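We count ligands from 1, going down the list as the structure has it; atoms in each ligand are counted the same way. Owing to the predicted nature of the structure, the values given are computational and were not obtained by experimental measurement.
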Amino acid sequence: MSQDAFRLVSPSGDETRLPVRSGTTGPDVVDISDLYRDLGVFTYDPGFVATGSCSSDITFIDGENGVLLYRGYPVEQLAAHSSFIEVAYLLLYGELPTAAALEEFDNIIRRHTMLNEGMLRFFNGFRYDAHPMAVLSAVVGSMSAYYHDTLDASDPEHRDIFAHRILAKLPTIAAAAYKLSIGQPFMYPRNDLNYCENLLHMLFAVPAEDYEIDPIAAEALDLLFILHADHEQNCSTSTVRMAGSSGANPYSAIAAGISALWGPAHGGANEAVLKMLEEIGDAKNISKFVAKAKDRDDPFRLMGFGHRVYKSFDPRAKIIREMCHKVLANLGRVDTPMFDLALELEQVALKDDYFIEKNLYPNVDFYSGIIYRALQIPTTMFTVMFALGRSVGWTAHWQEMIIDPTGKISRPRQLYTGAPQRDYVPIEERKLRERRANHSL
Ligand code: SDX
């Protein structure tokens with residue numbers, strides 16, 4: 001750790017030294033832990049645009065150069081040579097597994113895919129048309145009501161079993177949420193199938209006939225899960241870390257992450273992209289929607305564009321775009337209006353000064369929905385698919401947070417802008433006060 005420091009002098013002349021800390025790569029950080037003690041002020045950074053919340057060994061992003069590393073390995077190399085289960089092992093344990101370790105891990109995951117039968121009865125309580133993300137977050141949260149046997153976060157074996165259960169059972173829960181929405185019977189997992197084959201089986205097989213798994217579909221899903229597996233301190237991962245920092249049940253922390261992912265500014269964008277493309281409908285309407293996206297008075301944004309960190313191409317978007325070509329061709333999709341429209345929209349936007357100046361490029365969500373749709377996965381399941389991939393990243397970060405010897409409960413401070421201290425007013429003396437401009441009662 002470097003011992004440089006920033007010297008900070010307050011307007012009243014008080015002074016403090018803020019140590020600079022260097023990581024393996026990427027920007028240094030200024031440690032402000034003693035700022036309030038020395039100078040009586042907080043830092044202020046809504047949305048944590050320039051604030052590091054922790055140190056982490058898991059994932060590194062270089063937003064300027066479009067670099068994404070999982071435990072040091074470029075995501076492009078993992079996408080080309082690895083599998084989601086192998087990447088899950090890497091993210092959880094820090095190293096690529098040997099063949100024996102990978103086989104053992106894969107077998108463990110295959111044998112944790114079934115749900116407690118009581119949990120299956122939860123699904124009957126949902127409306128048939130409940131959004132699958134609502135079902136996923138609720139049922140994952142309910143896992144904290146089932147698994148009391150492994151909740152000692154200080155026990156490495158308990159942490160391991162938690163990781164295995166989350167990774168293995170989320171596809172079963174996700175598929176059940178989908179079957180619920182179409183009124184079909186749930187399909188039990190099969191231990192003879194790998195992670196993605198099993199998911200396709202549970203999503204699309206029916207008891208009435210055999211189901212043939214399309215290897216192209218399984219391969220496409222596996223690649224999408226690799227690309228979605230982790231992304232350092234994004235909104236949903238930070239939510240998992242914050243919820244877990246209080247010592248809450250880890251299944252509840254993952255459920256909180258699922259809820260945070262659902263937002264259209266985050267993982268919900270893949271569903272929003274398809275809805276946007278359907279609304280655009282035809283290439284002749286692209287300029288109208290691009291104009292709306294540029295209009296500061298119009299809340300419309302080009303979904304699937306822009307990123308807090310990537311100010312150049314999201315490397316995942318590039319890989320998914322290439323995969324679109326392959327999947328659509330292999331699935332025999334010759335009429336690919338949505339994909340063609342997405343490609344045309346990307347070309348128009350990337351030539352527009354507004355998008356160039358604001359460094360707005362397609363992100364991971366822009367093309368992923370094209371592939372899910374080609375695999376006959378409904379739009380409402382797109383963010384669920386994102387959650388399946390990201391479940392291992394959430395779990396790896398929860399584990400890293402739990403074992404961090406410097407860890408403490410997350411509790412940010414604030415800039416208070418409310419009413420100054422004032423005395424209670426008896427009701428008979430109150431008159432209707434002007435509604436405060438920035439707070440509706
Ligand atoms: C994910 O953090 C992660 O790593 C997330 C993720 C992961 O793997 O976990 O990568 C997954 O969430 C990808 C992002 C998916 N969301 C979308 O595609 C929704 C559309 N994009 C935006 O809402 C936006 O770009 C964000 C939320 C992704 C990023 O927002 P920021 O960093 O807070 O940036 P901002 O909103 O301050 O935008 C900066 C400027 C603004 O204009 P000005 O106020 O400076 O004039 O760019 C504009 C914005 O209006 N802008 C857009 C835009 N995104 C930003 N204008 C039009 N269309 C857009 N999509």
Side-chain angles (χ1 to χ4, degrees), residues 45-53 56 58-64 66-70 75 87 91 133 224-241 257-277 279-280 286 288-320 342 345-346 348-350 352-370 382-383 385-394 396-397:
D45 183 18
F48 310 115
V49 176
T51 296
S53 59
S56 178
I58 300 172
T59 292
F60 174 72
I61 303 171
D62 174 347
E64 307 310 321
V67 173
L68 172 56
L69 308 178
Y70 290 165
V75 74
V87 166
L91 288 169
M133 281 297 280
L224 285 168
F225 290 147
I226 290 173
L227 297 175
H228 285 80
D230 193 50
H231 216 236
E232 59 146 84
Q233 306 309 322
N234 61 84
C235 177
S236 54
T237 300
S238 298
T239 301
V240 171
R241 279 179 169 261
I258 293 170
S259 299
L261 183 76
W262 194 3
H266 191 14
N270 55 16
E271 180 177 352
V273 166
L274 255 291
K275 286 179 180 163
M276 175 186 72
L277 290 174
E279 193 182 355
I280 293 173
I286 286 176
K288 181 177 75 173
F289 281 84
V290 167
K292 278 172 62 69
K294 293 161 58 175
D295 179 355
R296 292 181 66 91
D297 298 325
D298 188 328
F300 174 79
R301 286 194 165 184
L302 222 46
M303 301 314 281
F305 267 78
H307 198 275
R308 172 64 57 79
V309 177
Y310 291 121
K311 299 310 174 191
S312 65
F313 227 90
D314 181 333
R316 303 167 296 175
K318 204 179 285 186
I319 296 169
I320 295 174
L345 175 57
E346 176 190 347
V348 171
L350 293 187
D352 187 289
D353 289 344
Y354 173 92
F355 289 84
I356 294 168
E357 282 156 22
K358 294 180 187 296
N359 297 310
L360 301 176
Y361 293 86
N363 59 50
V364 68
D365 291 307
F366 187 61
Y367 285 108
S368 55
I370 303 283
F382 287 5
T383 310
M385 306 304 280
F386 193 143
L388 296 187
R390 188 54 53 88
S391 61
V392 69
W394 290 332
H397 282 274

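- Under a 4.0 angstrom heavy-atom cut-off, R316 registers as being in contact with ligand 1.
- No donor-acceptor pair under 3.5 Å is formed between the side chain of S236 and the backbone N or O of I258.
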- Taking it one step at a time, do F386 and D365 satisfy side-chain contact (heavy atoms from CB on, under 4.5 Å)? CA-CA 9 Å; F386 193 143; D365 291 307; 3.5 Å; yes
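- Of all the atoms in ligand 1, the ones that sit under 4.0 Å from a non-hydrogen atom of P264 are 16 (N), 19 (C).
- No heavy atom of A272 sits closer than 4.0 Å to any atom of ligand 1.
- Assignment of N363 to the shell around ligand 1 is supported, since a heavy atom sits closer than 4.0 Å.
- Atoms of ligand 1 found under 4.0 Å from any heavy atom of R308, numbered from 1 in the order shown, are 29 (C), 31 (P), 32 (O), 33 (O).
- For atom 5 (C) of ligand 1, the closest heavy atom belonging to the protein is H307 NE2, 3.6 Å.
- Side chain of T239 to main chain of C235: a donor-acceptor pair is present (N/O by atom type, distance under 3.5 Å, no hydrogens or angles).
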- Query: What's the verdict on side-chain contact (heavy atoms from CB on, under 4.5 Å) for M133 and E271, showing C-alpha distance, side-chain angles and the deciding distance?
  - Reply: CA-CA 11 Å; M133 281 297 280; E271 180 177 352; 5.9 Å; no
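- Counted within 6.0 Å of NZ on K294, heavy atoms from surrounding residues, nucleotides or ligands total more than 12; the atom is thus considered enclosed.
- Aromatic ring centroids of H307 and F366 lie 6.0 Å or more apart.
- Shown here for L350 and P362, the closest heavy-atom pair between the two residues is CD2-CD, 4.0 Å.
- Closest to atom 2 (O) of ligand 1, if we only count protein heavy atoms, is N234 CB, 3.5 Å.
- Given atom 11 (C) of ligand 1, the protein heavy atom at minimum distance is H266 ND1, 3.7 Å.
- When the heavy-atom distances from atom 59 (C) of ligand 1 to T237, D365, L302, D298 are ranked, the shortest goes to L302.
- Taking a distance limit of 4.0 Å, we find that atom 34 (O) of ligand 1 is approached by no protein heavy atom.
- With G268, G306, A265, A269 as candidates, the residue nearest to atom 27 (C) of ligand 1 on a non-hydrogen basis is A265.
- Residue contacts with ligand 1 do not include G47, since none of its heavy atoms lies under 4.0 Å from the ligand.
- Atom 39 (C) of ligand 1 lies below 4.0 Å from none of the non-hydrogen atoms of the protein.
- For ligand 1, the atoms lying closer than 4.0 Å to a non-hydrogen atom of G304 are 17 (C), 18 (O).
- Rounding to the nearest 0.5 Å places NE2 of H266 at 11.5 Å from OG of S259.
- Side-chain atoms of T383 come within 3.5 Å of backbone atoms of G267 as a donor-acceptor pair (strictly under, hydrogens ignored).
- Polar contact check, K311 against ligand 1: no nitrogen or oxygen pair lies under 3.5 Å apart.
- With respect to atom 4 (O) of ligand 1, the closest heavy atom belonging to the protein is H231 ND1, 2.6 Å.
- Scanning the protein heavy atoms around atom 30 (O) of ligand 1, the nearest turns out to be R301 NH1, 4.3 Å.
- Judged by the shortest distance from any of its heavy atoms, Y354 lies inside the 4.0 Å radius around the atoms of ligand 1.
- Looking at ligand 1, you'll find an N or O of F305 within less than 3.5 Å of one of its N or O atoms.
- Here the closest non-hydrogen pair linking A317 and N363 is CB-O, 3.5 Å.
- Among all protein heavy atoms, the one lying closest to atom 9 (O) of ligand 1 is R390 NH1, 2.8 Å.
- What sits closest to atom 42 (O) of ligand 1 on the protein, heavy atoms only, is K358 NZ, 3.7 Å.
- Protein heavy atom nearest atom 44 (O) of ligand 1, with residue, atom name and distance: R296 NH1, 3.6 Å.
- An N or O contact shorter than 3.5 Å is missing between M303 and ligand 1 by distance.
- Using bins of under 30°, 30° to 60° and over 60° for the plane-to-plane angle, the ring pair F355/F305 lands in the perpendicular bin.
- Remark: ligand 1 and V364 share no N or O pair separated by less than 3.5 Å (distance only, no angle test).
- For the ligand labelled ligand 1, residue H228 lies outside the 4.0 Å heavy-atom shell.
- Only the side chain of L360 comes within contact range of ligand 1, with a heavy atom under 4.0 Å; no backbone atom does.
- The ring of F289 has its center closer than 6.0 angstrom to the ring center of F300.
- Between H397 and the choices T237, T59, N234, D230, the side-chain hydrogen bond (donor to acceptor under 3.5 Å, both in side chains) rule is met once, by D230.
- Residue K311 comes nearest to R308 through the heavy atom pair CE-O, 3.4 Å, listed as atom of the first residue, atom of the second, then distance.
- A donor-acceptor pair under 3.5 Å links the side-chain atoms of N270 to the main chain of F382, judged by distance alone.
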